[in-house]
Structure formats: structure tokens, C-alpha cells
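First up is the structure itself, then whatever we jot down about it.
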Amino acid sequence: MLGLGCPKQAFAKIATPQIDHFKHINDEYGHLTGDYAIKTLAQLLNNNICAVDTLGRWGGEEFLIICPGQTIEGGRLLAEKLRKIVDQYQFDVFSHLSCGFGVAAYNQDKNADILLKRADKALYEAKSQGRNQVFTN
């Protein structure tokens, strides 16, 4: 846990971290190294979220973190801490890996599809603004 606490309010947020320039890792170092990057990132993320949070691979180089009981600001702070942890981690095969994060909070009048689209939109904004950033929606 990152010292943010694990609040129990009636909020939930999701974060969608995605490895920046993942295709370059596969092309430059091979798919085994790409697998190493995905597994190592998963361990870094999982070791630094609350016990009530759920981490999953969303597809390719993208992950999904579901954080029940978290406000949008708490989600942004968590994503920023995770981004820094990944950015500073020394990988064995290559020197650096970064992630962009899209963060969105659940609104009770919306559904899960809308929530995912909003998180994806925020992730796209992080990518279009230079990657290795956190954006909320």
C-alpha cells in the first residue's frame, strides 16, 4: 500500500495504465523481453495497490485497476505514484519503461461501458500529450 489508505466511501475509480512504446520493446529486444516487461509491470502495480483493489490485464500492454471506495482525486494520486514507481524502476534487460494512465470515477447514473470509455479517453490524452503522464476524465 502506498500510504494513501484504502477509503471505504461509496466511490469507485478505474485506472488504465499502458506501457509507452511497447512495440519498440518487442521489435528491439524480442517477444520474450516484451513478456518480461508485462510480467514485471504487473508485479510492480500489484505490489503497490490496496488489498481491496483489483489489477487485471486489459489486453496487449494495457492493464486495468479497479479501486472500490476511491475518489477521483485519490485515483489520480495513486496513478501518479504508480507512474513514478514504474518510471524509476531499473529493469534487467532494458534501462527504462514508462506508462501513461487514464483515470475515471464511477458515477451512479452511468454504466461500466461509459466508465471504461472515459478512462480510455483519459489514457489517450496522456499518450497524445507526450506519454508517461496521468490524466483524469
Side-chain angles (χ1 to χ4, degrees):
M1 186 164 63
L2 297 172
L4 294 175
C6 296
K8 293 180 175 61
Q9 302 109 314
F11 298 101
K13 71 94 185 157
I14 63 168
T16 53
Q18 183 178 35
I19 299 172
D20 295 331
H21 305 290
F22 182 69
K23 183 179 182 322
H24 171 76
I25 293 171
N26 275 337
D27 291 349
E28 180 78 17
Y29 301 101
H31 290 278
L32 289 178
T33 300
D35 288 347
Y36 158 77
I38 288 171
K39 290 175 185 176
T40 304
L41 176 61
Q43 289 173 340
L44 283 172
L45 295 173
N46 199 50
N47 290 342
N48 289 284
I49 60 176
C50 293
V52 297
D53 298 343
T54 301
L55 171 70
R57 187 166 171 199
W58 189 242
E61 69 276 15
E62 193 170 342
F63 293 83
L64 183 68
I65 304 169
I66 302 171
C67 303
Q70 190 62 270
T71 64
I72 189 73
E73 179 60 13
R76 186 193 67 75
L77 290 171
L78 174 63
E80 182 60 31
K81 287 190 180 229
L82 293 171
R83 186 198 65 76
K84 287 178 182 176
I85 287 168
V86 173
D87 193 45
Q88 296 170 359
Y89 187 79
Q90 295 296 309
F91 290 85
D92 293 337
V93 180
F94 47 88
S95 60
H96 182 254
L97 183 75
S98 65
C99 289
F101 285 77
V103 179
Y106 177 74
N107 295 323
Q108 293 199 3
D109 60 334
K110 307 291 184 193
N111 63 37
D113 289 336
I114 293 171
L115 176 61
L116 291 168
K117 286 178 185 173
R118 289 179 37 240
D120 198 48
K121 183 177 178 182
L123 175 61
Y124 178 79
E125 187 69 21
K127 289 168 62 174
S128 70
Q129 295 295 319
R131 303 180 191 265
N132 198 22
Q133 297 183 52
V134 174
F135 275 79
T136 60
N137 183 315

Could you tell me whether the side chain of [X] and the main chain of [Y] form a donor-acceptor pair under 3.5 Å?
{"X": "R76", "Y": "V134", "answer": "no"}
{"X": "N46", "Y": "A42", "answer": "no"}
{"X": "D87", "Y": "R83", "answer": "no"}
{"X": "N137", "Y": "A122", "answer": "no"}
{"X": "T40", "Y": "A37", "answer": "no"}

Single-linkage hydrophobic cluster, 4.5 Å side-chain cutoff, Y124 and F63 together: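 As far as the 4.5 Å side-chain criterion goes, F63 and Y124 are not connected within one cluster.
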ILVMFWY network linking W58 to F135, side-chain heavy atoms under 4.5 angstrom: no
Heavy-atom closest pair, residues [X] and [Y]:
{"X": "I38", "Y": "G60", "value": "CD1-O, 3.8 Å"}
{"X": "G34", "Y": "F22", "value": "O-CE1, 3.6 Å"}
{"X": "A119", "Y": "A104", "value": "N-CB, 3.6 Å"}
{"X": "V86", "Y": "S98", "value": "CG1-CA, 4.3 Å"}
{"X": "A79", "Y": "V103", "value": "CB-CG2, 3.7 Å"}

Parallel, tilted or perpendicular: ring planes of Y36 versus F91, cut at 30 and 60 degrees: perpendicular
Are the side chains of [Y] and [X] in contact, using a 4.5 Å heavy-atom criterion?
{"X": "L64", "Y": "L116", "value": "yes"}
{"X": "T33", "Y": "E28", "value": "no"}
{"X": "L123", "Y": "K127", "value": "yes"}
{"X": "I65", "Y": "P17", "value": "yes"}
{"X": "L97", "Y": "Y89", "value": "no"}

side-chain contact (heavy atoms from CB on, under 4.5 Å) evaluation trace for E80 with K84: CA-CA 6 Å; E80 182 60 31; K84 287 178 182 176; 3.2 Å; yes
Spatial distance of atom [atom1] ([X]) from atom [atom2] ([Y]) [nearest 0.5 Å]:
{"X": "N47", "Y": "L82", "atom1": "CG", "atom2": "CG", "result": "10.5 Å"}
{"X": "T136", "Y": "I72", "atom1": "OG1", "atom2": "CD1", "result": "5.0 Å"}
{"X": "Q133", "Y": "E125", "atom1": "CD", "atom2": "CD", "result": "8.5 Å"}
{"X": "C99", "Y": "D20", "atom1": "SG", "atom2": "CG", "result": "6.0 Å"}
{"X": "I19", "Y": "I25", "atom1": "CD1", "atom2": "CD1", "result": "6.0 Å"}
{"X": "D53", "Y": "Q70", "atom1": "CG", "atom2": "CD", "result": "7.5 Å"}

Worked verdict on D120 versus E62 for side-chain contact (heavy atoms from CB on, under 4.5 Å): CA-CA 10 Å; D120 198 48; E62 193 170 342; 3.8 Å; yes
